Amino acid sequence: MSVSRDFFDRPVLEVAPELIGMVLLVDGVGGRIVEVEAYDEADPASHSFRGPTPRNAAMFGPPGHAYVYKIYGIHYCLNFVCRPGSAILIRALEPNVGLDMMHERRGGVVEKQLCSGPGKLAAALAVDLKQNGLPLDEAPFALLPAEAVSEVVTGPRIGITKGVETPWRFVERNSRYLSKPMKP
DNA sequence: AACTGGATCGTCT
DNA sequence: GACGATCCAGTTG
């Protein structure tokens, strides 16, 4: 049973660390969330910073829905929308459901890097614009509660040029499935 | 381990 | 017309 939409109707910084350890599936394929980043409308690094546009519309829509965008003309990134203008970028999974399917979609990479980055994760789960705006508690999505409490570490976000010092990256401590190791 | 450049295109200036 | 919440391959140290 998926986590309810109300789970996301809270401050983004409260929700983000709680996602670590939850299992994300798209059409029955996915794994444990081990890395996320938070963005909100007061944040110069956020797509919502300059207000609503056609592209970021989902970010200003109801909580508990997906915001998917294309980046660098090549890759897709998946976010979970919280309150209007805020969202959480899903950056890495520990893949464990549907490994065959993910390997097929990603081509000969080792399991450790199947979902070790936002673009890789989207490719492995076949996420693209067709999921933009869809609710997270209905097919094709499933978001299952964590089975055990994870130790969560915080640090600066990756790949941005503004808001660089804002420590809104959340990762599972000692996970070997991260996009990059967490700074000491 | 750290840094470089190329791919590729929708979005906003 | 420039740039980006990325990835990969290549080079350098």
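Just so it is clear: chains get the letters A, B, ... in the order the sequence lines come, proteins before strands, and each one is counted from 1. Since the model is a prediction, treat every value here as computed from it, not as a measurement.
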Item to check | Distance test, side-chain N/O of A/Lys70 to OP1/OP2 of C/dA5, below 4.0 Å | outcome: no

Checklist entry - Do A/Phe8 and A/Phe80 have ring centres separated by under 6.0 Å? => result yes

Checklist entry - According to a strict under-4.0 Å criterion, is A/Thr161 in side-chain N/O contact with OP1 or OP2 of C/dG4? => result yes

Item to check | Between B/dG10 (P) and A/Arg50 (CZ): distance, integer Å | outcome: 21 Å

Checklist entry - Does the ring of A/Tyr39 meet both stacking tests against the six-membered base ring of C/dA5: centre distance under 5.5 Å and plane angle under 30°? => result yes

Checklist entry - Atom CZ of A/Arg55 to atom P of C/dG4: distance rounded to whole Å? => result 11 Å

Next on the checklist: Any base atoms under 4.0 Å from A/Arg157, or only sugar-phosphate, or nothing? Heavy atoms, all strands.
Outcome noted: nothing

Checklist entry - Reckon A/Ile74 touches a base, only the sugar-phosphate, or nothing at all at heavy-atom distances under 4.0 Å? => result base

Next on the checklist: Is it the case that the side chains of A/Glu35 and A/Ser175 hold a donor-acceptor pair, with the cut-off being a distance below 3.5 Å and no angle test?
Outcome noted: no

Checklist entry - Which part of the nucleic acid, if any, lies within contact of A/Gly119, taking any heavy atom under 4.0 Å across all strands shown: a base, the sugar-phosphate backbone alone, or nothing? => result sugar-phosphate

Checklist entry - In the structure shown, which nucleotide is the Watson-Crick or G-U wobble counterpart of B/dT11, with both distances under 3.5 Å? => result C/dA2

Item to check | Under-4.0 Å salt bridge between A/Arg10 and A/Glu18 | outcome: yes

Item to check | Protein-nucleotide distance (A/Asn56, atom CG; C/dG4, atom P), rounded to Å | outcome: 17 Å

Item to check | Nearest-Å distance for atom pair OH/P, residues A/Tyr76 and C/dC7 | outcome: 15 Å

Checklist entry - Hey, is the side chain of A/Tyr69 pairing donor to acceptor with the base of C/dA5 inside 3.5 Å? => result yes

Checklist entry - Under 4.0 angstrom, heavy atoms only, what part of the nucleic acid is A/Thr53 near: base, sugar-phosphate, or nothing? => result sugar-phosphate

Next on the checklist: Both conditions, 6.0 Å and 45 degrees, for the charged tip of A/Arg32 above the ring of A/Tyr177: are they met here?
Outcome noted: no

Item to check | Separation of atom CZ in A/Phe49 from atom P in C/dG4, rounded to whole Å | outcome: 14 Å

Checklist outcome for this item: A/Ile71 CD1 to B/dT11 C1', in whole Å, measures 12 Å

Item to check | Whole-Å distance separating the CZ atom of A/Arg106 from the C1' atom of C/dC7 | outcome: 9 Å

Checklist entry - Between A/His47 and C/dA5, does any side-chain N or O lie under 4.0 Å from OP1 or OP2? => result yes

Next on the checklist: Determine whether A/Cys82 and A/Glu14 satisfy the following criterion, side-chain contact (heavy atoms from CB on, under 4.5 Å), listing intermediate values before the conclusion.
Outcome noted: CA-CA 10 Å; A/Cys82 290; A/Glu14 195 175 309; over 6 Å; no

Next on the checklist: Whole angstroms only, please: what is the CD1-P distance between A/Ile160 and C/dC3?
Outcome noted: 18 Å

Next on the checklist: Under 4.0 Å, heavy atoms only, any strand: does A/Arg169 hit a base, just the sugar-phosphate, or nothing?
Outcome noted: nothing

